[in-house]
Engineer: 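This is the structure I have questions about; it appears just below.
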Amino acid sequence: MDAQYHPKQIEAAAQAEWTRADAYRVHENGLDRQGKPKPKFYACSMLPYPSGKLHMGHVRNYTINDMMARQLRMKGFNVLQPMGWDAFGLPAENAAMKNHVAPAKWTYDNIAYMKKQCQTMGWAIDWSREFATCDSAYYKWNQWLFLKMLEKGIAYKKTQVVNWDPVDQTVLANEQVIDGKGWRSGAPVEKREIPGYYLAITKYADELLDCVANKLPGWPANVRAMQENWIGKSVGVRFAFPHDIKDASGTLVQDGKLFVFTTRADTIMGVTFCAVAAEHPLAAVAATRDTKIAAFIEETKRGTVMEADMATMEKKGVATGLFVTHPLTGDKLEVWIGNYVLITYGDGAVMGVPGHDERDFAFAKKYALSIKQVIDAGKVYSTEAWQPHYADYGVCIHSGPMDGMDYAKAIDYVAANTATGGGEKKTQYRLRDWGVSRQRFWGTPIPIIHCADCGDMPVPYKDLPVVLPQDLIPDGSGNPLKNDERFLNCACPACGKPARRETDTLDTFVDSAWYYMRYTSPNTAVDYHDKMVSAQNDYWMPMDQYIGGITHAVLHLLYARFWTKAMRDLGLLSFDEPFTKLLCQGMVLNHIYYRKGARGGIEYFAPSDVETVVDAQGRPATYRLKTDGSAVEYDGVGTMSKSKLNGVDPQDMVDTYGADAARLFVMFASPPEQTIEWSSAGVEGAQRYLRRVWNFAATNSAIIRSAESVNATVLDVAAKKFRHDLHATLKQANFDYSRLQYNTVISACMKLLNALEENRHAPPSLLREGLSILLRVLYPACPHIAHALWSQLDYTKEFGDLLDAAWPEPDPAALEQDEIELVVQVNGKLRGHIRVPKVATKEAVEHIALNDEGVKRHTEGKPVKKIIVVPGKLVNVVV
RNA sequence: GCCGGGGUGGCGGAACUGGUAGACGCACGGGACUCAAAAUCCCGCGCCUGCAAGGGCGUGCCGGUUCGAUUCCGGCCCUCGGCACCA
């Protein structure tokens, strides 16, 4: 065999062999060596957007997935690891405008290149199940399910104030607005009133919340908490303030009831005003009567929707001159329009209790409204300045019939005594329905036909898919579908008259809400063309392990859960939750170097152009450019970004060091959930290790090939110790595999090699066994080198092909030791080590411990109070 | 403000149910090989003290439980992430 490690050659050869053997194709009827059905394991990563080339985040994500998939396959599982492309979306449109190519071509070209990169990385993907979400064979089912949802009332159309992204020229869902800015464009979002389709995710709010709490123990706590917060359940009372306010046409507004929701109905006797949002019907009535009010409403409506700003914004309001009646006291209360009242939450109106609510307090102070204490929480109360404890729970006072009631009694009382006016206990959610209409071209066409006579008509199922034209090139002036007569013109499915197609497309989060259930429908399935998900989906789902970035903790993961429940209710699925276990991998960070320019601007430098000057202790002292030696500043680590020039192209890394070294570094640098700090020295270290593995195998190949199998009965003490170390390390590695702590798995591989090198003169049978363990433990991380050495050292004869070789388990006999080392402590401090026979009695161990030199030094002349013996671990002498 | 993670050598990180703190690697220092360099191999590497053997200190800070605490409990400090006028 080759004495040198040549990653390029062995990686290309291994990949060619796997491709030839179609090694990664899985079948639902996968059988084990005994011919029994294997247990299934579905390990899937969030699908990539085909932006052009793989980035480091992909490399990390899919390598974690691959390591799991390869190991579990050897453990005897029938493992599905698929891949596809989240291919709809704006970057394709932007690239189309820039380069004047159709989004379809740009997208498919990128997919072809990135697929090649995936194969170069050596990921064990079943490519027969690959698809792009822009394939009509896929998005047909988006349209199909959308129509089913319409029938079920889960999808519906409405016109409402929405988040408008002025840069991307489209509507955004609430989940897609981050700090008041579009999640993709970063542009401040505007408010617009636009008709669109919505999915009633709020119908599932309670179930989504309940399942987070009770059915997802395999999810990280932070993701579960984020989803709980997002759904935002509040339990309280909804009741009405009666009134007789009429609009300009003389109609009683909202049947004479101003509904509000409150979690603090116990403070109802402290209400001194009501406040409504600028968009509230009562505000509209007030506007017709007073131009100043109309002006205020306009200003508030146009004002920022940046929620972060709103939190710190000054409370402003205007009195309407309209009055409602307190449902319990009959007092007249004035209605105010407040800029802090959200039309999108509850009824867009609140009861004002300045005595016990910080916002109402600030509002009342500003406009000199009365403040009334109605809760006694046992602390000093003054209306001078707000104190946080004013919001504490307590006992009702100054509350007439409610005096002395605690919170529970008080809310029961309020619900009961407002019931005739529609009052009731109610649960309110922060979650809002999911707006899915996008005014963009490159997405799933919404399957609706607009007929002048019949209205909005669903496209008949037999006419699906509504195909998106592949040749249109957006020019920045909006959705090109609007001008495409071929697409627009159609016949009304009801009356047959000429009609126009809907030009909005579905949010791309629809595509990613269920793609993982299309991978499970192989194109060989009998019902592949007739069903959204084939029968095989029931075999693979729910997914055993999902892997992806924490950035999707709310958006994608909430939509996917909702979509699953909706499919279940349409009879397509029989489970409630799609992802049994979730792993959110950390980001890949890199160092940031910069220099302040003469005009105060900041100039960034690529880490590869900077060298670190260290002091005598090896600590970084200064940083300078490799080119001219001039000094630069270090700004810590941060996400890889184009502007900071600290991105690393994985392709460069693979070209220089090989895929195995790249994979090894990424797996070794940190546990999967934590961030990784990029380090070129670290990748070099990874390759150095692989070279050592290769060298060890090459130097010892002859004796290993011809070695007998291990005969444990004839080993001497040193050989026994060696074998014990090998199997103890294997035991640890297996434990770390089971808890997905892959960085310490790699550490175990390194220990195995260290042990082999130190014991290179041990009996060949042990070297053969040791290397067979190392290659199998290393293989899921670095499959190519393991594959090459496995066959070159003739392990295939004994264990079969590495892809399906039995996973190594530690030999219990090897873990047994005749003599064990114990730690001896005096008063809990380490004072020595002793070797005792495994079978030694407690008394014998105590005796040996007390005679240890280190122990004697610290016990001399002091009476021994007691001795604690932890079998197999330590002895602690207390004096 | 609320919710959820974290604070361990020069650095990334390890330590499973309370039982040898710092595994494994990186960086650094010394040595071997070499005309030389690279590569490779060997040794050292928490801090203080000591020629050494050894001793003292040490897992953000203060306290508690325990024979024994990075691990459990109470109170702080710092930091990262998410949410935030949600009534």
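Both backbone and side-chain heavy atoms feed into the values below; hydrogens, waters and symmetry mates do not. The chains referred to below are lettered A, B, ... by the order of the sequence lines, with proteins before strands, and numbering in each begins at 1.
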Engineer: What's the gap between B:G58 and B:G4 when it is taken at their C1' atoms, as a whole Å value?
Structural biologist: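 Straight-line distance between the two C1' atoms is 30 Å.
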Engineer: Return the nearest nucleotide to the side chain of A:Thr262; candidates are B:G19, B:A87, B:C16.
Structural biologist: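 Of all the options, the side chain of A:Thr262 is nearest to B:A87.
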Engineer: For a quick test of reading the model: is some side-chain N or O of A:Asn695 closer than 4.0 Å to OP1 or OP2 of B:U40?
Structural biologist: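 No, because none of the side-chain N or O atoms of A:Asn695 sits under 4.0 Å from OP1 or OP2 of B:U40.
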Engineer: Nearest whole Å is fine: how far is B:A87 C1' from A:Tyr390 OH?
Structural biologist: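 To the nearest whole Å, that distance equals 20 Å.
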Engineer: When you get a sec, tell me which of B:U20, B:G25, B:A39 is the closest nucleotide to the side chain of A:Arg692?
Structural biologist: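 Closest of the options to the side chain of A:Arg692: B:G25.
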Engineer: For B:G9, does the glycosidic angle fall within 90° of 0 (syn) or outside that (anti)?
Structural biologist: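 Chi for B:G9 falls in the syn range.
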Engineer: If the threshold is 4.0 Å, N to carboxylate O, is there a salt bridge linking A:Asp360 and A:Lys315?
Structural biologist: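 So A:Asp360 does not pair with A:Lys315 through a salt bridge.
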Engineer: Could you measure between the two C1' atoms, the one in B:G81 and the one in B:C11, and give it in whole Å?
Structural biologist: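 Here B:G81 and B:C11 have their C1' atoms 23 Å from each other.
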Engineer: Got a second to check how far A:Ser608's OG is from A:Lys626's NZ, nearest 0.5 Å?
Structural biologist: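 So the OG of A:Ser608 and the NZ of A:Lys626 are separated by 6.5 Å.
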Engineer: Identify, between A:Asp347 and A:Val223, the residue whose nearest nucleotide on RNA chain B lies closer to the 5' end.
Structural biologist: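 It is A:Val223, whose closest nucleotide lies nearer the 5' terminus.
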Engineer: The side chain of A:Phe668 is closest to which nucleotide in this list: B:G25, B:U20, B:A87?
Structural biologist: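 Nearest listed nucleotide: B:G25.
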Engineer: Starting at atom CZ of A:Arg688, determine the distance to atom P of B:G25, rounded to an integer number of angstrom.
Structural biologist: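 Computing the A:Arg688:CZ to B:G25:P distance gives 10 Å.
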Engineer: Does A:Arg264 count as lying over the ring of A:Tyr393, i.e. NZ or CZ under 6.0 Å from the six-ring centre, within 45 degrees of the axis?
Structural biologist: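 Cation-pi check for A:Arg264 and A:Tyr393: passes.
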Engineer: A:Val878 near the nucleic acid: base, sugar-phosphate alone, or nothing, with a heavy-atom cut-off under 4.0 Å?
Structural biologist: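 It contacts sugar-phosphate atoms only.
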Engineer: Quick one: label A:Arg224 by what it contacts on the DNA or RNA (base, sugar-phosphate, nothing), any heavy atom closer than 4.0 Å.
Structural biologist: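 Since no nucleic acid heavy atom lies under 4.0 Å of A:Arg224, the category is nothing.
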Engineer: Does NZ or CZ of A:Arg238 lie under 6.0 Å from the centre of the six-membered ring of A:Phe259, at an angle within 45° of the ring axis?
Structural biologist: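 Ring-cation test returns yes.
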Engineer: Name the closest nucleotide to the A:Pro671 side chain, picking from B:A87, B:A14, B:C85.
Structural biologist: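 Minimum distance to the A:Pro671 side chain belongs to B:A14.
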Engineer: Should stems be defined as at least three consecutive Watson-Crick or G-U pairs with both distances under 3.5 angstrom, which of them involve RNA chain B?
Structural biologist: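 So the stems come out as B:1-7 with B:77-83, B:10-12 with B:24-26, B:28-32 with B:40-44, B:46-49 with B:54-57, B:60-64 with B:72-76.
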Engineer: Is the aromatic ring centre of A:Phe735 closer than 5.5 Å to the centre of the six-membered base ring of B:C16, with the two planes inclined by less than 30°?
Structural biologist: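 The base of B:C16 is stacked with A:Phe735 (centres under 5.5 Å, planes under 30°).
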Engineer: From B:C85, B:A39, B:G25, pick the nucleotide closest to the side chain of A:Arg359?
Structural biologist: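 The closest nucleotide is B:C85.
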Engineer: So which one's nearest nucleotide on RNA chain B is more toward 5', A:Glu757 or A:Lys866?
Structural biologist: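 Per heavy-atom nearest nucleotide, the more 5' residue is A:Glu757.
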Engineer: Side-chain N or O of A:Arg432 less than 4.0 angstrom from OP1 or OP2 on B:C86?
Structural biologist: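 For B:C86, OP1/OP2 do not have a side-chain N/O of A:Arg432 under 4.0 Å.
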Engineer: Answer yes or no: does a side-chain N or O of A:Ser747 lie under 4.0 Å from OP1 or OP2 of B:G13?
Structural biologist: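 No, no such contact exists.
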Engineer: Look at all strands and tell whether A:Glu684 reaches a base, only sugar-phosphate, or nothing, counting heavy atoms closer than 4.0 Å.
Structural biologist: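 Result for A:Glu684 = nothing.
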Engineer: Base, sugar-phosphate or nothing for A:His591? Non-hydrogen atoms, less than 4.0 Å.
Structural biologist: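 No contact at all - A:His591 keeps every heavy atom at 4.0 Å or more from the nucleic acid.
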Engineer: Please measure how far the C1' atom in B:C72 lies from the corresponding atom in B:C2, and state the result in whole Å.
Structural biologist: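 That atom pair is separated by 26 Å.
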Engineer: Could you work out the separation of B:G30 and B:A69 based on their P atoms and round it to a whole Å?
Structural biologist: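 Here B:G30 and B:A69 have their P atoms 40 Å from each other.
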Engineer: Check the phosphate of B:G55 against A:Arg831, side-chain N and O only, distance under 4.0 Å to OP1 or OP2. Yes or no?
Structural biologist: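 Looking at the OP1 and OP2 atoms of B:G55, one of them is under 4.0 Å from a side-chain N or O of A:Arg831.
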Engineer: Using a heavy-atom cut-off of under 4.0 Å over every strand shown, decide if A:Gln428 touches base, sugar-phosphate, or nothing.
Structural biologist: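 Counting heavy atoms under 4.0 Å across all strands, no contact is made by A:Gln428.
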Engineer: Nearest to the side chain of A:Ala681, which nucleotide is it out of B:G82, B:C16, B:A27?
Structural biologist: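 Of B:G82, B:C16, B:A27, B:A27 is nearest to the side chain of A:Ala681.
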Engineer: Taking atom C1' of B:G13 as reference, at what distance in whole Å does atom CZ of A:Phe665 sit?
Structural biologist: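 Taking atom C1' of B:G13 as the reference, CZ of A:Phe665 is at 12 Å.
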Engineer: Of the nucleotides B:A39, B:A21, B:G4, which has the atom closest to the A:Leu830 side chain?
Structural biologist: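 Closest nucleotide to the A:Leu830 side chain: B:A21.
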Engineer: Where the side chain of A:Thr263 is concerned, which of B:G13, B:A87, B:C67 is the nearest nucleotide?
Structural biologist: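 So the nucleotide nearest the side chain must be B:A87.
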Engineer: Does NZ in A:Lys721 sit with more than 12 non-hydrogen atoms of other residues, nucleotides or ligands closer than 6.0 Å?
Structural biologist: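 12 or below, so no.
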Engineer: What's A:Lys829 touching, base or sugar-phosphate or nothing? Going by heavy atoms closer than 4.0 Å.
Structural biologist: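 If one applies the 4.0 Å heavy-atom cut-off, A:Lys829 turns out to touch the sugar-phosphate alone, with no base involved.
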Engineer: Are the aromatic ring centres of A:Phe273 and A:Phe363 under 6.0 angstrom apart?
Structural biologist: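 Yes, ring centres under 6.0 Å apart.
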Engineer: Across the strands shown, which category fits A:Asn754 at heavy-atom distances under 4.0 angstrom: base, sugar-phosphate, nothing?
Structural biologist: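 The residue A:Asn754 makes sugar-phosphate contact but no base contact.
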Engineer: Ignoring the backbone of A:Lys873, work out which of B:A39, B:G19, B:A15 is nearest its side chain.
Structural biologist: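 When the side chain of A:Lys873 is considered, B:G19 is the closest of B:A39, B:G19, B:A15.
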Engineer: Under 4.0 Å, heavy atoms only, any strand: does A:Ser679 hit a base, just the sugar-phosphate, or nothing?
Structural biologist: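 Since no nucleic acid heavy atom lies under 4.0 Å of A:Ser679, the category is nothing.
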Engineer: Please classify the nucleic acid contact of A:Asn876 as base, sugar-phosphate, or nothing, using heavy-atom distances under 4.0 Å.
Structural biologist: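 The residue A:Asn876 makes base contact.
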Engineer: Within the 4.0 Å heavy-atom criterion, would you say A:Val877 contacts the bases, only the backbone, or no part of the nucleic acid?
Structural biologist: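 Counting heavy atoms under 4.0 Å across all strands, no contact is made by A:Val877.
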Engineer: When rounded to the nearest Å, what value does the distance between P atoms of B:C73 and B:G82 take?
Structural biologist: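 After rounding to an integer number of Å, I get 27 Å for this pair.
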Engineer: Return the nearest nucleotide to the side chain of A:Tyr340; candidates are B:A87, B:C24, B:C85.
Structural biologist: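 The answer is B:C85.
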Engineer: Suppose you measure atom C1' in B:A84 against the same atom in B:A23; what distance do you get, rounded to whole Å?
Structural biologist: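 About 43 Å, rounded to a whole number of Å.
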Engineer: Base, sugar-phosphate, or nothing: which does A:Pro220 touch, judged by heavy atoms less than 4.0 Å apart?
Structural biologist: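 Touches nothing.
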Engineer: Can you tell me how the ring of A:Trp336 sits relative to the ring of A:Tyr367, calling it parallel under 30°, perpendicular over 60° and tilted otherwise?
Structural biologist: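 Aromatic pair A:Trp336/A:Tyr367 classed tilted.
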Engineer: One thing to verify: whether A:Glu846 and A:Lys842 come together as a salt bridge, which I'm taking to mean a side-chain N less than 4.0 angstrom from a carboxylate O.
Structural biologist: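 Result for this pair is yes, salt bridge flagged.
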Engineer: Has A:Arg857 got a side-chain N or O lying under 4.0 Å from the OP1 or OP2 atom of B:A53?
Structural biologist: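 Result: no.
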Engineer: Using a cut-off of less than 4.0 Å, is there contact between a side-chain N or O of A:Gln741 and OP1 or OP2 of B:C24?
Structural biologist: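 The answer is no; no side-chain N or O of A:Gln741 sits under 4.0 Å from OP1 or OP2.
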Engineer: What distance, rounded to whole Å, do you find between the two C1' atoms, one in B:G12 and one in B:G7?
Structural biologist: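 It works out to 15 Å between them.
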Engineer: How close or far is atom P of B:C24 from atom CG of A:Leu778, stated in whole angstroms?
Structural biologist: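 These atoms are roughly 17 Å apart.
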Engineer: Specify whether A:His552 and A:His556 have parallel, tilted or perpendicular ring planes, treating 30° as the upper limit for parallel and 60° as the lower limit for perpendicular.
Structural biologist: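 It falls in the perpendicular class, over 60°.
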Engineer: Return no unless some side-chain N or O of A:Arg739 is found under 4.0 Å from OP1 or OP2 of B:C16.
Structural biologist: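 No, A:Arg739 has no side-chain N/O under 4.0 Å of OP1/OP2 on B:C16.
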Engineer: Looking only at non-hydrogen atoms, find the nearest pair between A:Ile371 and A:Pro354 and report the distance.
Structural biologist: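 Between these two residues, the closest heavy atoms are CG1-CB, 3.8 Å.
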Engineer: Could you give the distance separating B:G18 and B:G10 at their P atoms, to the nearest angstrom?
Structural biologist: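 Here B:G10 and B:G18 have their P atoms 29 Å from each other.
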Engineer: Please name the pair of heavy atoms, one in A:Arg224 and one in A:Leu216, separated by the smallest distance, quoted to 0.1 Å.
Structural biologist: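 That would be CD-O, 3.5 Å.
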